[in-house]
A.B. asks: 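Pasting in a structure now, in structure tokens, and then I'll have a few things to ask.
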Amino acid sequence: MGRYSEAEEWADITPIAQNDGGPNPLAAIAYTEEYSEAMGYFRAVTARNENSERVLDLTEHIISMNPAHYTIWLYRANTIFELQQTNGSDLQDDILEELQWLDNLSLKHLKNYQIWHHRQTLMTRLDRIPPTELAFLAQMFAKDAKNYHVWSYRQWLVRRFALWDTELPYTESLLAADVRNNSAWNHRWFVLFGQHVDPRSGKGLDELGHIVDEDLLDREVGYTEDKIRLAPQNQSPWNYLRGLLRKRGSLVECKAFAEEFVGDVEGEGEGCRSSHALDFYADCMAEEKEAEKAGKALELLAKRFDPIRRNYWNYRRGLLGLGAVQA
Amino acid sequence: MSLVSGPGRAQVAGGNLPNELQLAVEKHVKYIQSLDTRKDELEYWLTEHLRLNGVYWGLTALHLLGHPDALPRHETVEFVLSCQHDNGGFGPAPGHDPHMLYTVSAVQILVTVDALDELEKRGKTGREGVGRYIAQLQDRDDGSFAGDEWGETDTRFLFGALNALSLMRLLSYIDVTKAVAYVQACANFDGGYGVSPGAESHAGQIFVCVGALAIADRLDLVDKDRLGSWLSERQLNNGGLNGRPEKLEDVCYSWWVMSSLAMIGKLGWIDKDKLSKFILQCQDPELGGMADRPGDAVDVFHTVFGIAGLSLIGYPGLKPVDPIYCMPLEVVNRAVGR
């Protein structure tokens, strides 16, 4: 009673049963019949190395039941390319058709690795980015703007098709929607500073020796400060700001900015609006050899604003030659 | 080993929690033992592509719980060997293609049950064949590793390669210097590491990058204060750890964040009592197993990383875990000859 065993199209194939590996195969495996039958036919077509339209249908069926089965994906990609060679069809058209099918699947299975590798395998064969690609990724990000698979794929796509110029406004739109989107902050850095990096060179992003563009740094510092003012207790832009200033070797130019949020840092910290600002302020003070002031800020963090990390704040006090404080 | 979830469910936060939470050791042992008897469930077959990883997770958890013999050794070795291919690599189950991730799990399992000799005698290849399979997945130009012949690269595969090769004492098969340079290229402005150069920092990727540097004996390359600060920021007020800023806590990050902190000597920067309580709330004290967070269904993946996390912070009664390999410390010491 099977979808395949009853079909004339598959009459020439004898399915190959599951070998479950042990010396004592289990007698009764109540694998659902549909999946079990389809896998039997899959084993049979791979054994004879068949690449055909019906193999595409079969793999689509199995993927619909189990999208994480990576052997199926590899075989499907190979079949698409083999079929195109045999039929002499237009590769671009074949790929676009496959992408359309993939789009729907991707929107259903957000945490799947194989889907993205398959997409990348297809995209490698194209010379130009399909016009619908970025709109599709926007749909993915509408579901989860921090999806790690999608971001990794997008970075690959940006490098592959040199999409640098349009990416910066895109990160701005994402940060306008959610200023706490750490993935968008990272992507902004990638777009601005990763562009000059050859990912295959083995060199670190900061160590390429390309000249740091001072105007660009000024603009980014200003942009980041504006975003921090919207939500001061947001670690992503503070990390980003530190990354920018590390290129110049000093945090102090933004000390006054941090002071906007630290509140009564000489007293009990009344009015403090950001533990990250206090942290930043402490580093500025340490840089200026004001150990007592830095230590006071760190004490406020350990006691009041971030006590879960008091050991870390006390470590920082220790670096300044100051003793530990209790939470 | 089945990746089937449930039947247990972690305790719901705010429910009727006893004041003194205890690790339900016997229940977890029973839960892991029961996994292989659930072949009548569809989910068992849908997770076939993770089977060998599952054996590694279950076996490691049992060793850390002090019940190393709770899985039959002979069947375990037979199953691992049945997943090997002629090229030396391992698939997740018989009939599945070989891949780096399963090959690493195979080596970890064989080392844990001290069965490398059996691989030598009865495997499709011996240990050197496995080493060659792993080594040919390295890109000799940039030092990165692919997961299989299809070429997807990921710092997870690079770590896996160093992990398995060092356990077999075959690190000389690869260009370690270039692998180290690739990891450095994945370092980010916030002190963390991502899956590839430019990719966002993520606690899981930090674990593999720092682990690779630890195996290569190049932890001197890590900015430990900056990375340690970022990692300790992963702890939320409920005691749990997340993997990236503004994400939810999850038991598996207990392992990835803490093992990374342990490798750089900064484990003290998180609140261990709060974390320990959080992990214990993620267990099902009746049916065994742990979930990603309180209230969710348990699975073997979160079970091993929860237990390994507790071991790392010195929870009483557990065997010490090695922070680089996520295997029993005494096993790793024996394998690498420390």
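Below, read A as the first sequence line, B as the second, and so on, with proteins coming before strands; counting in each chain starts at 1.
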A.B. asks: Do the side chains of B:E152 and A:Q120 get nearer than 4.5 Å, heavy atoms only?
C.D. replies: no

A.B. asks: Could you tell me which of A:N239, A:D279, A:D306 has the largest number of non-hydrogen atom pairs under 4.5 Å with chain B?
C.D. replies: A:N239

A.B. asks: Under a 4.5 Å cutoff for heavy-atom pairs, which residue among A:W313, A:W185, A:Y240 has the most contacts with chain B?
C.D. replies: A:Y240

A.B. asks: When only pairs under 4.5 Å are counted, which of A:R316, A:Q155, A:H187 shares the most heavy-atom pairs with chain B?
C.D. replies: A:Q155

A.B. asks: Going by atom types only, do B:D225 and A:Y315 share a side-chain donor-acceptor pair under 3.5 Å?
C.D. replies: yes

A.B. asks: Determine, using ring centers only, whether B:H49 and A:Y70 are less than 6.0 Å apart.
C.D. replies: no

A.B. asks: Would you mind reporting whether A:L74 and B:D148 have side-chain heavy atoms less than 4.5 Å apart?
C.D. replies: yes

A.B. asks: Chain A heavy atoms under 4.5 Å from B:A199: which part of the residue, side chain, backbone, both or neither?
C.D. replies: both

A.B. asks: Just how far is it from atom OG of A:S152 to atom NE2 of B:H202, taken to the nearest 0.5 Å?
C.D. replies: 9.0 Å

A.B. asks: Where the side chain of A:N186 meets the backbone of B:G198, is there a donor-acceptor pair that is under 3.5 Å apart?
C.D. replies: yes

A.B. asks: Less than 4.5 Å to any heavy atom of chain B: does that hold for the side chain of A:S236, its backbone, both, or neither?
C.D. replies: side chain

A.B. asks: Roughly how far, to the nearest 0.5 Å, is OH of A:Y75 from CG of B:D97?
C.D. replies: 10.5 Å

A.B. asks: Run B:R226 and A:R246 through side-chain contact (heavy atoms from CB on, under 4.5 Å) and show every step you take.
C.D. replies: CA-CA 12 Å; B:R226 201 149 58 98; A:R246 188 169 294 109; 2.8 Å; yes

A.B. asks: Under the 3.5 angstrom rule, does the side chain of A:N311 hit a backbone N or O of B:G268 as a donor-acceptor pair?
C.D. replies: yes

A.B. asks: Heavy-atom distances under 4.5 Å only: say whether B:L81 touches chain A with side chain, backbone, both or neither.
C.D. replies: neither

A.B. asks: Give every residue pair that meets the salt bridge (Lys or Arg N to Asp or Glu O under 4.0 Å) criterion with at least one member in residues 111-123 of chain A, sequence neighbours excluded.
C.D. replies: A:D103-A:R119, A:R119-A:E133

A.B. asks: Output the option from B:G239, B:P92, B:S232 having the highest count of non-hydrogen pairs under 4.5 Å with chain A.
C.D. replies: B:S232

A.B. asks: Would you say the side-chain atoms of A:R242 pair up with the backbone N or O of B:F189, donor to acceptor, closer than 3.5 Å?
C.D. replies: no

A.B. asks: Do A:K146 and B:E246 pass the side-chain contact (heavy atoms from CB on, under 4.5 Å) test, and can you show the C-alpha distance, the side-chain angles, and the key distance before you say yes or no?
C.D. replies: CA-CA 10 Å; A:K146 300 170 185 175; B:E246 299 291 326; 3.5 Å; yes

A.B. asks: Side chain, backbone, both or neither: which part of A:H276 has a non-hydrogen atom closer than 4.5 Å to chain B?
C.D. replies: side chain

A.B. asks: If you count heavy-atom pairs under 4.5 Å with chain B, which of A:Y148, A:W238, A:W151 comes out on top?
C.D. replies: A:Y148

A.B. asks: Let me know if B:K178 has heavy atoms under 4.5 Å from chain A in its side chain, its backbone, both or neither.
C.D. replies: neither

A.B. asks: Could you report the tightest heavy-atom contact between B:P197 and A:F190, atom names first, then the distance?
C.D. replies: O-CE1, 4.4 Å

A.B. asks: If we only count heavy atoms from C-beta on, is the A:Q235 to B:E233 side-chain gap below 4.5 Å?
C.D. replies: yes

A.B. asks: Using heavy-atom distances under 4.5 Å, tell me whether A:R310 contacts chain B through its side chain, its backbone, both, or neither.
C.D. replies: side chain

A.B. asks: Distance from A:N66 atom CG to B:T47 atom OG1, nearest 0.5 Å?
C.D. replies: 8.5 Å

A.B. asks: Take A:S183 and B:R244 through the side chain to side chain donor-acceptor pair (under 3.5 Å) test and state the conclusion after the steps.
C.D. replies: CA-CA 9 Å; A:S183 305; B:R244 288 183 272 164; 3.3 Å; yes

A.B. asks: Verify the neighbour count for atom CG of B:D220: are there more than 12 heavy atoms of other residues, nucleotides or ligands below 6.0 Å?
C.D. replies: yes

A.B. asks: Which atoms of A:L244 come close to chain B, meaning under 4.5 Å heavy atom to heavy atom: side chain ones, backbone ones, both, or neither?
C.D. replies: neither

